[in-house]
Student: 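Following this message is one structure expressed as structure tokens.
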Amino acid sequence: MKTNKTLWTAFCCALLLALAGCSNGSEEKKADAFAEDAAGDSAGDTASDGTNADTSDVGGPVCASGETNCDGTCAVLGSDPQHCGACGKACEAPANGSPTCTDGGCGFVCDEGTTACGDACIATESDLLHCGGCDKACATPDHGEATCATGSCGVACDAGFAACGDACIDTASDPAHCGSCDKACGSGEVCSGGKCVTSCGEGETNCGGSCAQLQSAPAHCGACGNTCTAPAGGEATCAQGQCGYACKGELLACDGGCVDSLKDPANCGSCGKACFDPVHGAPVCKDGGCDIVCDAGFVACGGDCVSLQSDAAHCGACDNACATDQVCAGGTCTTSCPSGTTNCGGTCTKLGNDPQHCGSCDKACPAPAFAAPTCNAGSCGFTCDEGKTACDGACIDAKTDVAHCGGCGKACKAPDFGGVLCKAGSCQASCNAGLSLCSDACIDLQSDAAHCGGCGKACGNDQVCTGGQCVTSCPAGQTNCDGSCVDTASSVANCGACGKACTAPTSGAPTCTDASCGFSCASPLSACGESCVDLQSDDKNCGSCANTCGALTTCKNGKCSL
């Protein structure tokens with residue numbers, strides 16, 4: 001310690017003077033003055049509370065009692081978010097939050113107007129998964145979108161549907177809401193064209209009191225009860241008894257979803273065109289063109305986010321490179337790195353918290369898509385971009401991801417002969433044309449013995465189901481498959497033989513024609529090989545199947561262009 005050394009020097013000098021018999025006044029005054037200087041140095045090393053300060057880093061600052069010198073910074077390890085529990089152990093916070101350190105343990109506080117829900121800071125006034133409070137998810141109705149305003153859930157219905165409570169209703173055909181909400185038809189009546197009548201009109205089918213045109217009604221598409229669904233931003237459609245969807249406004253259909261290609265960094269300008277995700281920054285899409293936004297303390301240089309204070313290739317300014325024998329420290333090219341930092345290829349960095357040099361110069365931290373790498377006390381991690389959630393090492397959108405719908409591990413299960421979507425954090429199942437959703441299964445109400453003519457309407461043990469009616473035997477041309485009378489030439493569940501089911505790719509529906517399996521694609525997609533693709537935006541199938549765009553072009557409106 002500096003204090004002990006100074007006092008020892010003063011004592012030795014005074015002792016030597018005494019032994020030498022130096023008793024003249026001037027020498028005694030010099031000894032006294034030296035001792036006073038030593039005492040003064042000692043006082044300078046004492047904290048204001050009278051205890052000794054931390055001066056373990058010779059040449060560094062004199063830290064007060066209770067503080068630790070962390071590479072030239074005096075830190076209270078019990079409460080400093082940048083040095084929490086140990087030097088260099090920085091606390092992290094989610095978007096809209098600030099890190100905290102209490103008793104050496106990390107935490108965070110959320111900004112005003114947001115609430116801590118798990119590891120995120122949420123605006124519960126408007127978040128669909130946490131509307132009015134954590135985990136209070138708004139239910140997404142068929143034929144509409146969920147909304148959250150001022151902490152209360154609501155619905156916004158597709159064209160042709162009206163909001164009746166928390167449901168979107170076709171008041172033109174619904175017998176419980178015929179013409180308007182809660183206007184129910186009487187016993188023996190059906191709803192047609194928004195009016196209660198005694199029978200359905202020409203071309204309409206009575207679906208439990210609703211008069212529907214099966215070829216075009218999204219609520220009864222191809223069969224009674226077969227409700228078409230659409231992804232967020234889309235509207236369900238029914239054409240020739242086949243379900244599809246159309247994206248609203250300027251949104252683009254991409255891989256079964258609707259995206260804003262003017263703003264979506266994963267589909268910027270066209271489907272699948274992902275923007276570069278830089279270290280120390282995040283990708284953004286502006287008007288269909290890619291750009292980046294850098295983290296605090298970093299600047300965009302040539303498409304990367306760099307520190308002008310330490311990057312040898314951009315020292316003090318973009319493209320201002322240091323000489324080969326120099327390093328960058330404090331934005332200036334110099335010959336050596338300051339204390340507490342390490343020279344990593346000309347960059348002066350602290351190995352404890354640099355994601356590019358985490359723990360050692362050659363250890364760069366990885367990060368999944370939609371995330372930024374982190375380094376804390378020499379250990380790698382990552383933080384997800386705003387709006388994304390960390391699940392199984394990936395950053396996902398819990399509002400749309402079918403594997404994590406509404407939260408990590410909450411997977412949506414598609415029924416046989418149907419599909420499933422995650423819409424606003426809720427799973428929505430749909431059935432292929434001709435089938436209806438009964439609980440979690442897609443059923444042919446015209447032939448299924450357990451659901452003959454309606455969900456749960458089972459035929460007797462000695463009966464079979466045909467045309468939605470329970471009878472004693474199948475008519476000519478149909479085969480009895482476990483009580484169901486089916487035409488094996490066209491049944492997707494029994495194509496060519498009982499139990500031989502047809503399958504389809506993503507965004508497609510299986511078909512059976514002349515006892516042979518095939519598939520059809522949901523509008524506006526087209527079949528190319530064994531896949532359903534968008535010929536308007538697919539770089540590998542642009543305008544037509546197998547028409548691949550070059551490396552410098554992308555597919556826009558069915559044409560390869562720069």
Student: Listing request: all ring-ring contact (aromatic ring centres under 6.0 Å, His included) pairs with a residue in residues 233-265, at least two apart in sequence or in separate chains.
Tutor: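 Qualifying pairs, neighbours excluded: none.
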Student: Kindly write out the residues that satisfy side chain to side chain donor-acceptor pair (under 3.5 Å) with Gln240, not counting sequence neighbours, or none if the list is empty.
Tutor: none
Student: Decide, based on the SG atoms alone, whether Cys328 and Cys348 are under 2.5 Å apart.
Tutor: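 Disulfide absent: SG-SG distance not under 2.5 Å.
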Student: Would you please test Thr374 and Glu92 for side-chain contact (heavy atoms from CB on, under 4.5 Å) and show each step?
Tutor: CA-CA 9 Å; Thr374 61; Glu92 299 174 353; 3.1 Å; yes
Student: Just to verify, what does Phe161 make a ring-ring contact (aromatic ring centres under 6.0 Å, His included) with, not counting sequence neighbours?
Tutor: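 Result, ring-ring contact (aromatic ring centres under 6.0 Å, His included) vs Phe161: His143.
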Student: Spell out, with a plain yes or no, whether Cys117 and Cys134 have SG atoms under 2.5 Å apart.
Tutor: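 Cystine link detected, SG atoms below the 2.5 Å cut.
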Student: I'd like to know if the two cysteines, Cys427 and Cys422, have SG atoms within less than 2.5 Å.
Tutor: no
Student: Could you tell me if the side chain of Asn267 sits less than 4.5 Å from the side chain of Lys273, heavy atoms only?
Tutor: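 Contact flag for Lys273/Asn267 side chains = no.
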Student: Between CG of Leu437 and OG1 of Thr227, what distance do you get to the nearest 0.5 Å?
Tutor: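 Those atoms lie 7.5 Å apart.
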Student: How many angstroms lie between SG in Cys528 and CG in Asp534, if you round to the nearest 0.5 Å?
Tutor: 10.0 Å
Student: Pairs in or reaching into residues 394-415: which pass side chain to side chain donor-acceptor pair (under 3.5 Å), with residues at least two apart or in two chains?
Tutor: none
Student: Take a 6.0 Å sphere around NZ of Lys363 and say whether it holds more than 12 heavy atoms from other residues, nucleotides or ligands.
Tutor: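 Yes, because the 6.0 Å sphere around NZ of Lys363 holds more than 12 heavy atoms from other groups.
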Student: Under the ring-ring contact (aromatic ring centres under 6.0 Å, His included) rule, collect the residues that match up with Phe298, sequence neighbours excluded.
Tutor: His280
Student: Let me check something: any side-chain donor-acceptor pairs from residues 550-562 under 3.5 Å, sequence neighbours excluded? List them with distances.
Tutor:
unit_1	atom_1	unit_2	atom_2	d
Thr553	OG1	Gly550	N	3.0
Thr553	OG1	Gly550	O	3.3

Student: Would you say that Cys358 contacts Cys380 through its side chain, given a criterion of any heavy-atom pair below 4.5 Å between the two side chains?
Tutor: yes
Student: How far apart are the C-alpha atoms of Cys181 and Cys164, what are their side-chain angles, what is the distance that settles it, and do they pass the disulfide bond (SG atoms under 2.5 Å apart) test?
Tutor: CA-CA 6 Å; Cys181 294; Cys164 295; 2.0 Å; yes
Student: Locate the shortest heavy-atom distance separating Glu125 from Cys148; write the atom from each residue and the value.
Tutor: O-SG, 3.5 Å
Student: Do Glu145 side-chain atoms and Gly233 backbone N/O form a donor-acceptor pair below 3.5 Å?
Tutor: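 Yes.
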Student: Any side-chain to backbone donor/acceptor pair from Thr511 onto Phe519? Under 3.5 Å, distance only.
Tutor: yes
Student: Does the distance from Cys91 SG to Cys84 SG come in under 2.5 Å?
Tutor: no
Student: Checking the side chain of Asn541 only, and the main-chain atoms of Ser544 only, is there a donor and an acceptor separated by less than 3.5 Å?
Tutor: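 No; judged by distance alone, with no hydrogens or angles, the pair does not exist.
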Student: Atom CG of Leu129 and atom CG of Asp135: how far apart are they, to the nearest 0.5 Å?
Tutor: 9.0 Å
Student: Which atoms form the tightest heavy-atom contact between Thr140 and Lys423, and what is the distance?
Tutor: OG1-O, 3.0 Å
Student: Looking at residues at least two apart in the chain, or sitting in another chain, which of them share a side chain to side chain donor-acceptor pair (under 3.5 Å) with Asn376?
Tutor: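 Result, side chain to side chain donor-acceptor pair (under 3.5 Å) vs Asn376: none returned.
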Student: Which heavy-atom pair separates Cys191 from Ser173 by the least distance, and what is that distance?
Tutor: CB-O, 3.3 Å
Student: Measuring from atom CD of Glu530 to atom OG1 of Thr503, what distance do you get when rounded to the nearest 0.5 angstrom?
Tutor: 8.5 Å
Student: Within the side chain of His177, is there an N or O that forms a donor-acceptor pair under 3.5 Å with the backbone of Lys183?
Tutor: no
Student: Mind listing the closest non-hydrogen atom pair of Val155 and Gly165 along with its distance?
Tutor: CG2-O, 4.0 Å
Student: Could you check if a side-chain atom of Asp440 sits within less than 4.5 angstrom of a side-chain atom of Pro415, using non-hydrogen atoms only?
Tutor: no
Student: Would Cys224 and Thr205 count as a side-chain contact (heavy atoms from CB on, under 4.5 Å) here? Give the steps.
Tutor: CA-CA 8 Å; Cys224 291; Thr205 300; 4.0 Å; yes
Student: Regarding Cys101 and Cys106, I want to know if their SG-SG distance comes in below 2.5 Å, which is how I'm defining a disulfide.
Tutor: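 No; the two sulfurs sit 2.5 Å or more apart.
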Student: What is the minimum heavy-atom distance between Cys405 and Cys412, and which atoms define it?
Tutor: CB-SG, 3.4 Å
Student: Are any of the side-chain heavy atoms of Cys301 and His314 separated by less than 4.5 Å?
Tutor: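 Yes, close enough: below the 4.5 Å cut-off.
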Student: So, does Asn320 use its side chain to make a donor-acceptor pair with the main chain of Cys315 at under 3.5 Å?
Tutor: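 Pair found, side chain donor or acceptor close to backbone of Cys315.
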Student: Partners of Asp392 by side chain to side chain donor-acceptor pair (under 3.5 Å), sequence neighbours excluded?
Tutor: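 For Asp392, no residue satisfies side chain to side chain donor-acceptor pair (under 3.5 Å) once neighbours in sequence are set aside.
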Student: Is there any ring-ring contact (aromatic ring centres under 6.0 Å, His included) pair reaching into residues 212-235, and which pairs are they, with sequence neighbours excluded?
Tutor: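 As it turns out, there is no ring-ring contact (aromatic ring centres under 6.0 Å, His included) pair with a partner in residues 212-235 once direct neighbours are skipped.
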Student: Search all heavy atoms of Ala116 against all heavy atoms of Phe108 and return the closest pair with its distance.
Tutor: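 Smallest heavy-atom distance, with atoms named: CB-CE1, 4.2 Å.
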Student: Does the pair Cys211/Cys200 show an SG-SG distance of less than 2.5 angstrom?
Tutor: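 Answer is yes, sulfur atoms closer than 2.5 Å.
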Student: Run the numbers on Cys131 and Cys153 for side-chain contact (heavy atoms from CB on, under 4.5 Å), then give the verdict.
Tutor: CA-CA 7 Å; Cys131 190; Cys153 292; 3.8 Å; yes
Student: Does the side chain of Leu445 come within less than 4.5 Å of Ser436's, by heavy atoms?
Tutor: yes
Student: Using the salt bridge (charged side-chain N to carboxylate O under 4.0 Å, His left out) rule, collect all pairs that involve residues 152-168, keeping only residues at least two apart or in two chains.
Tutor: Asp158-Lys248
Student: Tell me, do Cys221 and Cys228 make a side-chain contact under 4.5 Å, heavy atoms counted?
Tutor: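 A side-chain contact exists here, since the closest heavy-atom pair is under 4.5 Å.
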Student: Flag the pair Pro283 / Asp385 as yes when at least one side-chain heavy-atom distance between them is below 4.5 Å, and no otherwise.
Tutor: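 A side-chain contact exists here, since the closest heavy-atom pair is under 4.5 Å.
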Student: May I ask you to check whether the SG atoms of Cys258 and Cys247 are separated by less than 2.5 Å?
Tutor: yes
Student: Please name all residues satisfying side chain to side chain donor-acceptor pair (under 3.5 Å) with Ser520, sequence neighbours left out, ordered by chain then number.
Tutor: none
Student: By the side chain to side chain donor-acceptor pair (under 3.5 Å) test, which pairs, at least two apart or in different chains, include something from residues 283-308?
Tutor: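 Qualifying pairs, neighbours excluded: Ser307-Ser310.
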Student: Considering only the SG atoms, does Cys455 lie under 2.5 Å from Cys438?
Tutor: yes
Student: Starting at SG of Cys268, measure out to CG of Asp260 and round the result to the nearest 0.5 Å.
Tutor: 9.5 Å
Student: Taking the side chain as every heavy atom from C-beta outward, state whether Asp111 and Ser98 have any pair of such atoms under 4.5 Å apart.
Tutor: yes
Student: Which distance, rounded to the nearest 0.5 Å, do you find between the OG of Ser270 and the CG of Asp538?
Tutor: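 Here the rounded value is 9.5 Å.
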Student: Using the rule given for side-chain contact (heavy atoms from CB on, under 4.5 Å), can you reason through Val284 versus Cys275, listing the C-alpha separation, both sets of side-chain angles and the distance that settles it, and then say yes or no?
Tutor: CA-CA 7 Å; Val284 294; Cys275 296; over 6 Å; no
Student: Could you walk me through whether Cys185 and Cys178 pass disulfide bond (SG atoms under 2.5 Å apart), step by step?
Tutor: CA-CA 7 Å; Cys185 293; Cys178 192; 3.8 Å; no
